[in-house]
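Predicted model, so just to flag it, every value in this text is computed and none were measured. Residue numbers start at 1 and run along the sequence shown.
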Amino acid sequence: MPTFDAPDGTRLAYHRRGSGGDRPLVCVPGGPMMPSAYFGDLGGLAARQELVLLDLRGTGDSARPSDLAGFRVDRQAGDIEALRVAVGLERLDLLGHSASGDLVLAYATRYPERVRSLVLVCARARTAGIDFPVERRREALELRRGEPWYEEVRPAFERAVSGEADEADFTLLDRLSYGRWDTAAQEHAAACAEWFDEEAAGAYLAPGAFDGADAARAVLAELDAPVLVVSGALDGSPRPDSAAEVAGLFPHGEHVVQADAAHNPWVDGPDHFVRTVTEFLARDGR
């Protein structure tokens with residue numbers, strides 16, 4: 001397991017999986033603050049593309065910083081740059097999922113010349129001033145009326161919105177993160193629940209994390225790199241039209257909606273997900 005030092009001296013780890021492609025795809029976990037293990041092999045993507053999977057500080061095999069302030073999303077952009085140096089790449093093909101969209105965009109804003117391409121999977125974009133309101137999640141919930149669990153999940157959702165949800169409610173809400181509540185989804189959700197670190201997640205979103213959104217948007221509007229934004233048709237955060245807005249931040253942004261998928265499209269439809277990402281990375285010799 002290779003390691004490297006972050007700018008503040010925190011020892012971070014990364015994992016190499018698979019082979020293929022001209023260059024590795026560097027994958028940054030969401031959560032926020034989940035270990036890279038939750039990616040698995042990204043639905044079989046590792047069979048066609050070498051992956052470099054970063055364990056964010058305090059997750060997986062990476063050390064925990066001495067100061068919680070080190071978890072704040074914008075302050076972790078330097079960790080990705082240190083990883084780039086450690087793996088010896090001039091420019092990065094970067095994948096960010098969910099909350100790590102904020103971190104990947106923070107990196108692209110600070111180091112635009114180091115970005116070869118971006119793959120944003122159901123990704124947040126608060127760094128650029130785009131947020132996804134809770135009401136849009138209600139829209140996604142209503143798409144699931146035909147599910148056998150809908151009547152149980154709907155009141156749990158309302159309790160979560162009002163701040164009255166308990167752990168059992170949040171466990172029920174896991175169903176909304178997957179296009180099918182099958183064995184693969186249940187196993188993935190259980191692992192994520194075990195790994196989630198509430199303290200680190202809160203510090204990731206500490207006040208000041210998304211200051212400077214206008215400046216970030218200006219940099220991203222000039223980013224000379226192709227950007228793929230993948231959303232799930234059943235996802236509530238983001239809904240596909242919100243993901244299209246994220247793609248519109250970039251001069252070379254494109255948006256693909258994966259049918260029958262929610263927030264974890266490599267779990268819901270691995271073949272479709274792998275085909276979409278590999279075709280994007282192979283285009284124009286990237």
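Between R126 and D102 there is a salt bridge, since at least one side-chain N of the basic residue sits less than 4.0 Å from a carboxylate O of the acidic one. At a threshold of 4.0 Å, the pair R57-D8 counts as salt-bridged, since one of the basic side-chain nitrogens sits closer than that to a carboxylate oxygen. A salt bridge links E158 with R138; the closest basic N to acidic carboxylate O contact falls under 4.0 Å.
A donor-acceptor pair shorter than 3.5 Å cannot be found between the side chains of N264 and S177.
Pairs engaging residues 71-112 under the ring pair (Phe, Tyr, Trp, His ring centres under 6.0 Å) rule: Y38-H97, H97-H263, H97-W266, Y107-Y111 [sequence neighbours left out]. Counting only residues at least two apart or in different chains, side-chain hydrogen bond (donor to acceptor under 3.5 Å, both in side chains) contacts with residues 62-72 comprise R64-D197, R64-E199, R72-D74. Applying the ring pair (Phe, Tyr, Trp, His ring centres under 6.0 Å) test to every pair with at least one member in residues 210-260, sequence neighbours left out, gives no pairs at all.
Judged by distance alone, with hydrogens and angles left aside, the side-chain atoms of R175 form no donor-acceptor pair with the main-chain N or O of W181 at under 3.5 Å. Panel note: side chain S237, backbone F132; no donor-acceptor pair is recorded below 3.5 Å. Judged purely by atom type and a 3.5 angstrom limit, R17 uses its side chain to pair as donor or acceptor with the backbone of G40. R84 places a side-chain N or O within donor-acceptor distance of the main-chain N or O of L89, the cut-off being under 3.5 Å. Under the 3.5 Å distance criterion, the side-chain polar atoms of R116 are left unmatched by any main-chain donor or acceptor of A225. At least one donor-acceptor pair under 3.5 Å links the side chain of Y204 to the backbone N or O of A99.
Residues P24 and L51 fail the side-chain proximity criterion, which asks for heavy atoms closer than 4.5 Å. H15 places a side-chain heavy atom less than 4.5 Å from the side chain of D61. In this structure, P32 and V73 have side chains that are not in contact, with every pair of non-hydrogen atoms separated by 4.5 Å or more. Side-chain atoms of W149 and L176, non-hydrogen and from C-beta on, do get closer than 4.5 Å to each other.
Listed by chain and residue number, F4 satisfy the side-chain contact (heavy atoms from CB on, under 4.5 Å) test with A86 (two or more places apart in sequence, or in another chain). With sequence neighbours excluded, the residues that form a side chain to side chain donor-acceptor pair (under 3.5 Å) with R16 are E50.
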Could you go through residues 239-249 and list every donor-acceptor pair under 3.5 Å that involves a side-chain atom there, pairing it with any protein atom two or more places apart or in another chain?
unit_1: R239; atom_1: NH1; unit_2: A233; atom_2: O; d: 3.1
unit_1: R239; atom_1: NH1; unit_2: D235; atom_2: O; d: 2.6
unit_1: D241; atom_1: OD1; unit_2: R136; atom_2: NH1; d: 3.4
unit_1: D241; atom_1: OD1; unit_2: R136; atom_2: NH2; d: 2.9
unit_1: D241; atom_1: OD2; unit_2: R136; atom_2: NH1; d: 3.4
unit_1: D241; atom_1: OD2; unit_2: R136; atom_2: NH2; d: 3.3

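Counting non-hydrogen atoms of other residues, nucleotides and ligands closer than 6.0 Å to CG of D260 gives a total of 12 or fewer.
Contact detail for L220 and A108: the closest heavy-atom pair is CD2-CB, 4.0 Å.
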